[in-house]
Amino acid sequence: GAGVSQTPSNKVTEKGKYVELRCDPISGHTALYWYRQSLGQGPEFLIYFQGTGAADDSGLPNDRFFAVRPEGSVSTLKIQRTERGDSAVYLCASSLTGGGYEQFFGPGTRLTVL
Amino acid sequence: GENVEQHPSTLSVQEGDSAVIKCTYSDSASNYFPWYKQELGKRPQLIIDIRSNVGEKKDQRIAVTLNKTAKHFSLHITETQPEDSAVYFCAASTHAGGTSYGKLTFGQGTILTVHP
């Protein structure tokens with residue numbers, strides 16, 4: 001079956017602009033995570049959804065970052081007033097609640113803020 | 001919160017040699033420890049994982065060991081091949097009550113290069 005998909009694969013924007021990054025999890029996976037990976041670093045947790053609700057948003061760096069998952073499937077990460085420091089690869093992962101612990105990652109969206 | 005340290009940051013071996021990567025974690029409540037392989041420009045992919053009720057797990061050329069008392073775990077790759085070249089990340093998470101939820105805290109990564 002299809003894995004986790006993310007769009008766009010690359011996004012270049014200017015400082016101060018608004019961006020949306022999309023994640024399509026594996027069908028049936030109720031748990032969804034967003035991570036951010038800077039060059040040469042391991043992924044860092046941003047937010048976790050169980051179904052439609054954000055169960056843990058402790059990793060969001062500030063209030064410019066927001067994420068939604070209105071129907072419990074697709075999720076959108078939204079970044080307002082982008083800054084150059086937001087440049088990174090944004091990874092989405094999903095897992096099957098009650099079916100084990102493995103998180104399946106998407107290919108990521110590479111965000112570049114000029 | 002959890003902190004995961006990973007060493008070495010780079011590792012270069014000859015084909016056929018063994019490679020060992022080590023990680024330490026800080027939160028004694030952590031009970032799940034996956035290892036991910038990430039090739040350049042690709043997504044992280046799980047290669048092996050271990051839960052805290054097990055001390056060692058093996059899958060063909062790959063093995064992971066866990067020492068809960070010392071709070072460290074290691075990845076062992078035997079008979080390395082050039083296609084093993086990639087960045088390897090360890091991670092730790094806490095699963096309370098057997099739930100599947102657990103945000104992963106990753107190490108900094110190890111760049112493994114296997115020379116033919």
Side-chain angles (χ1 to χ4, degrees), chain A residues 2-7 9-10 23-26 28-51 53-61 67 88-110 112, chain B residues 1-10 21 23-25 27 30-54 57 59 64 75 86-111:
Chain A
V4 178
S5 62
Q6 292 185 245
T7 55
S9 55
N10 281 283
C23 171
D24 276 274
I26 293 172
H29 281 196
T30 55
L32 186 146
Y33 305 79
W34 284 97
Y35 294 85
R36 178 168 70 174
Q37 187 173 26
S38 300
L39 191 63
Q41 301 294 318
E44 292 182 301
F45 170 77
L46 295 176
I47 187 170
Y48 157 69
F49 287 89
Q50 179 57 47
D56 184 352
D57 64 358
S58 63
L60 294 178
V89 175
Y90 289 81
L91 293 165
C92 175
S94 69
S95 68
L96 184 61
T97 303
Y101 300 167
E102 180 177 358
Q103 292 184 26
F104 296 84
F105 281 84
T109 293
R110 180 175 298 279
T112 303
Chain B
E2 175 68 282
N3 182 53
V4 177
E5 297 287 334
Q6 182 172 346
H7 299 280
S9 57
T10 61
I21 303 170
C23 289
T24 60
Y25 61 99
D27 188 350
S30 289
N31 55 9
Y32 174 63
F33 307 92
W35 286 88
Y36 283 84
K37 175 183 180 182
Q38 187 174 31
E39 298 178 355
L40 190 63
K42 303 290 187 180
R43 72 188 74 194
Q45 292 197 305
L46 181 75
I47 55 172
I48 195 167
D49 56 10
I50 192 167
R51 301 187 187 187
S52 60
N53 58 347
V54 175
K57 184 177 178 181
D59 182 4
V64 57
L75 177 71
V87 182
Y88 291 80
F89 291 98
C90 63
S93 70
T94 302
H95 292 262
T99 65
S100 65
Y101 164 61
K103 64 183 181 185
L104 294 172
T105 301
F106 285 84
Q108 300 90 335
T110 296
I111 302 172

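Every chain is numbered from 1 and lettered A, B, ... according to where its sequence line falls, protein lines coming before strand lines.
Residues A/G106 and B/R43 approach most closely at O-CB, 3.1 Å, considering heavy atoms.
Summarising the geometry, atom CD belonging to B/Q45 is positioned 9.5 Å from atom CD belonging to A/E102; distances are rounded to the nearest 0.5 Å.
For A/Q6, no part lies under 4.5 angstrom from a heavy atom of chain B. In this structure, no portion of B/Q6 lies under 4.5 Å from any heavy atom of chain A. With a 4.5 angstrom heavy-atom cutoff, B/P44 touches chain A via backbone and side-chain atoms both. Neither the backbone nor the side chain of A/T30 has a heavy atom closer than 4.5 Å to any heavy atom of chain B.
The choice from B/F89, B/Y36, B/F106 that makes the most heavy-atom pairs within less than 4.5 Å of chain A is B/F106.
Residues B/L104 and A/Y35 are in side-chain contact: their nearest non-hydrogen atoms beyond the backbone lie under 4.5 Å apart. For the pair A/Q103/B/S93, no side-chain contact is recorded, criterion being any heavy-atom separation below 4.5 Å from C-beta on.
Within a 6.0 Å radius of CD in A/E44, other residues, nucleotides and ligands contribute 12 heavy atoms or fewer.
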